[in-house]
Asker: 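Once you've had a glance at the structure underneath, I'll fire off some questions.
Keep in mind the model is a prediction, meaning the values are calculated, not measured. Values reported hereafter were calculated over all heavy atoms of this structure, with side chains retained and with hydrogens, waters and symmetry mates removed. To find a chain, count down the sequence lines: A is the first, B the second, and so on, and within it residues start at 1.
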Amino acid sequence: MTALVEIRRLDRHFEVRRSLFARAKILTAVNQVSFDIERGEILGVVGESGCGKSTLARLVLRLIEPTAGSIRFDGIELTQLSDRHLRRLRPRMQMVFQDPYSSLDPRYTVEDTLLEPLSIQGISLARAAAREKVSELLSTVGLASALARAYPHQLSGGQRQRVGIARALVLSPDLVVLDEPTASLDVSVQAQIVTLLESLQAKLNLTYLFISHDLALVSYFCDRIAVMYLGSIVEILPAVRTQPKHHYTLALMESALIPDPRRRRPTAPLAGDVLSPFAIPAGCAFASRCAAATHLCGVERPLLKRYDQGHLVACHHPVAACKSSPQSHFQRSTTDDVYRPYG
Amino acid sequence: MTLLSVENLHVRFGALHPIDGVSFSIEQGEILGVVGESGSGKSITALTILGLLHLQGGEVDSGRILFNGIDLLRLVERERCSYRGKQIAFISQNPMTSLDPLFCVGDQIAQGLVIHLGKSWFEARARAIELMRDLRIPNPEVVYDQFPHQLSGGLKQRIAIAIALSAEPRLIVADEPTTALDVTVQAQVLHLLHRMTRTRGIGLILITHDMGVVAQICDRMIVMYAGTIVEAGKVEEVFTGPRHPYTRALINCIPRVETQPGALMAIPGIVPNVTDYPPGCRFHPRCPRALPCCSILPPRTVECGDEVSVACHLYDPSDWTLS
Amino acid sequence: MSDWQLDTVRRILSTHKGLVSSVVLTVVALAGVLAPIISPYSFSEQDLGGAAQQPSLQHWLGTDEFGRDLLTRIMYGARTSLTVAVVSIGASVVVGVILGAVAAYYGGVLDRIIITIVDLIWSFPDILIALLFIAIVGPGLKGTMIAISVAYLAQFARLGRSQVLSLRGEMFVEAARSLGASNRHVLLKHLVPNAISPVVVAGMLAVGDAIILEATLGFFGLGAQPPIPSWGAMMASGTAQLFNAPWIIIFPGLAIITTVIGINLLGDALIHALNIRDRVRTT
């Protein structure tokens, strides 16, 4: 059984020109990324700002054009589809956006927003049937049907995001890409939305691509996690209790602020800033901040290779097993804060 | 020694009361976490302490804010200026917008020294560079002359911290200083704040919505909900045994790496809008343990165990006779 | 009328400015619309014996140099001015905004071409462009309307373009595309409706300008040709009588001033009403 989505060597650069005569600088957003999304799974993509995860989300749906590479959805090669065919395929792959306010047209009522996908795809419903469909959708996402006539500015953040989720479900998609759907919500609302997404996935047999910067959330919610750094996937690991093998993943995990005062870290695990995506180094992108970096790391870019069942790492020197005190591992970063500002 | 003491603060924005009877204090050299979700009133509290409430159109109804024995709310604006920046410094949430894009960052740090400590620009520049070095900013002489747009978010926030520290304040109020930053940078900046305030004996009021921040950095904490404080106490005490149902629910709805799937507990309902707070205890419509008296009578704050106080009828024995 | 629009109307009428200007403009518009029914005289009926008479009970605003009743002519003049202004600006808005929206949405070469043409028009003063088109098409109502439309085209094209430029990156546009919307759907159903607010306000203020432009053209005899009354033409012919029958020039002038101020005040009230809603949006 083929995977629902197969991404191979996906690339996306942007050319940025300061002025008409300046040389164009190349911003590498996504750099030779390959992975699969299995049917019915929840794949999480984690990374910090500039790692390319939002760009990747849009590339998977071909909302942005890739510079190179292949995207296969259910066996269909998206990059070769005409605009018209692509639009007809869209109902099967939908997106939930990060900012629930700006992703809803402020002049449309909830009802208008939910009926729009149908009219775009040329499906027209009688008024009564439309109203019923809207009611049904609203109750699926836990909203009162009275909210159908409300405008986005009258709803709370959580309610708006539920509308965004309902909109993504109107056309009964197979794949739902969620781009940081809870980032702008309060913690308690986030928990509600996550619980909703869990139940929807089970009920409607959906496949999720879940983008987030919150490693704890992704570990809780997803089956597998892909970690991105500066446009590349550095590790793909099963979510459940797997020891990370890439140094960046380890740093991310240790940087997370655990809400438990008995487990305090005395220092930050990782120093320095992320490098600019304008100047991706040859070799491993993380080498400049990595304690285990060697000469090889600066020269040859590590490929994503199988480490264990379902666990892939792109590293020349993966983290050794049983690191009892990960702190010592980051000796270099605590005594020698290396920093590189942007630009 | 108590550095700042807020007593029974009531704040009004027109007909609305976003802050209702808030009292807390912070000792010298202590890190106090103020936790709450949106609409809890934590940012307004920060503005009130700094005397910037009028900029947002609010005014203080009643209450006192004592700083070294002087009530800040009774001061005239001119007098307040001598406190702001000099004795009480502020770090705002978004370093992108809190730095002036037209001046180089070094000058923005030095400015504080010139204005508040009366140093010459020469001295101030040297001192600013020293401060930047302290904050582990590499090549401070070079960074001094750079402009905010040339720096990354983490660096900008370090500059904002330097500006706050420049006039040698006794108290820093930081409003969500790391929310806009990446996870790895957030960890660095928080540890930096921790170190700087500890070594200099500065009190830090850290306002955040992130329980993780509070757990990792703060000594004591207060939990705010809809303009009131529902629980306060030492961080270890509150986390290991949260008393108020809201605090407990808040801690339980944060996903952790070891949370079992399906075990995430959400709080039903939404934070009430400031325009219609429920009567009695503001949390009672969402509370799993609400008593009949909760919808009628607002709870008092009672001491409950070792340095913990809660505002909840469940812990107020005198109210049990009402239910 | 949608909730949105009803709400705006309500907000406008709740302020002094909005209420007064709405009333004044309604009176002017009604005077124009009902002129054939309620005007006491015909606008072209001359009475050379009773020329240049002062305001009196028979002629409330007096008569002009040909003995025509001034009140009647002013009422008919309202028809001319308002029709010309509203129709021209209306056409200008529709064509201009769509042009600007298309330029902003598609970008690239199309944008460059459109913006260059628009900038060219923009760089000439309105009156010059109007004169140019009058010269091409000939004087009269049709010429005036085309001239005014083209003169204001640039303004709305730029406005529409800048609005769409800032809106096209919004997430709801991306959302519509992710649902499979075609470019046309996105433009017409999302971008243009959201870009409308400032355009409506600018359009309203432009109507005021257009009335003055029409009056200017009329003053030089290039607008509506006699005997169709036009406030500008009336003022022109009144200059000769300035000292012995000043009402011939004053009343049309007052009509212009009142209408234009009314429009500007209404525009202000509209900005205020729309702003409040936008402010509510952000909380």
Asker: Is it true that a side-chain atom of B:E231 and a backbone atom of B:T247 form a donor plus acceptor pair closer than 3.5 Å?
Answerer: no
Asker: Using the six-membered ring wherever Trp is involved, compare the ring planes of B:F147 and B:H149 and label them parallel, tilted or perpendicular (cut-offs 30° and 60°).
Answerer: parallel
Asker: Using only atom types and a distance under 3.5 Å, with no angle test, would you say the side chain of B:R243 pairs donor to acceptor with the backbone of B:G241?
Answerer: yes
Asker: Hey, what's the ring geometry for B:F283 with B:H244, parallel, tilted or perpendicular (30° and 60° as the breaks)?
Answerer: tilted
Asker: In plain terms, say whether B:E27 and B:R220 are close enough for a salt bridge, that is, a side-chain N and a carboxylate O under 4.0 Å apart.
Answerer: no
Asker: Given a strict heavy-atom distance threshold of 4.5 Å, which part of A:T195 is in contact with chain B: side chain, backbone, both, or neither?
Answerer: side chain
Asker: Highest number of heavy-atom pairs under 4.5 Å with chain A: which of B:L190, B:I217, B:V214, B:N273?
Answerer: B:I217
Asker: Give the member of B:Q186, B:M211, B:H194, B:Q216 that has the highest number of heavy-atom pairs under 4.5 Å with chain A.
Answerer: B:Q216
Asker: Is chain A contacted by the side chain of B:V238, its backbone, both, or neither, given a heavy-atom distance below 4.5 Å?
Answerer: neither
Asker: For B:D219, is there an ion pair with B:R198 - N to carboxylate O distance below 4.0 angstrom?
Answerer: yes
Asker: If I measure from the heavy atoms of chain B, does A:V218 come under 4.5 Å with its side chain, its backbone, both, or neither?
Answerer: neither
Asker: Name the residue from B:R282, B:R286, B:E37 that meets the side-chain hydrogen bond (donor to acceptor under 3.5 Å, both in side chains) definition with B:Y246.
Answerer: B:E37
Asker: Relative to chain B, which segment of A:E198 carries a heavy atom at a distance below 4.5 Å: side chain, backbone, both, or neither?
Answerer: side chain
Asker: Which bit of A:R264 comes within less than 4.5 Å of chain B, counting heavy atoms only: side chain, backbone, both or neither?
Answerer: both
Asker: With respect to chain B, which residue among A:M253, A:R263, A:Q190 yields the maximal number of heavy-atom pairs within a distance under 4.5 Å?
Answerer: A:R263
Asker: Which bit of B:L192 comes within less than 4.5 Å of chain A, counting heavy atoms only: side chain, backbone, both or neither?
Answerer: neither
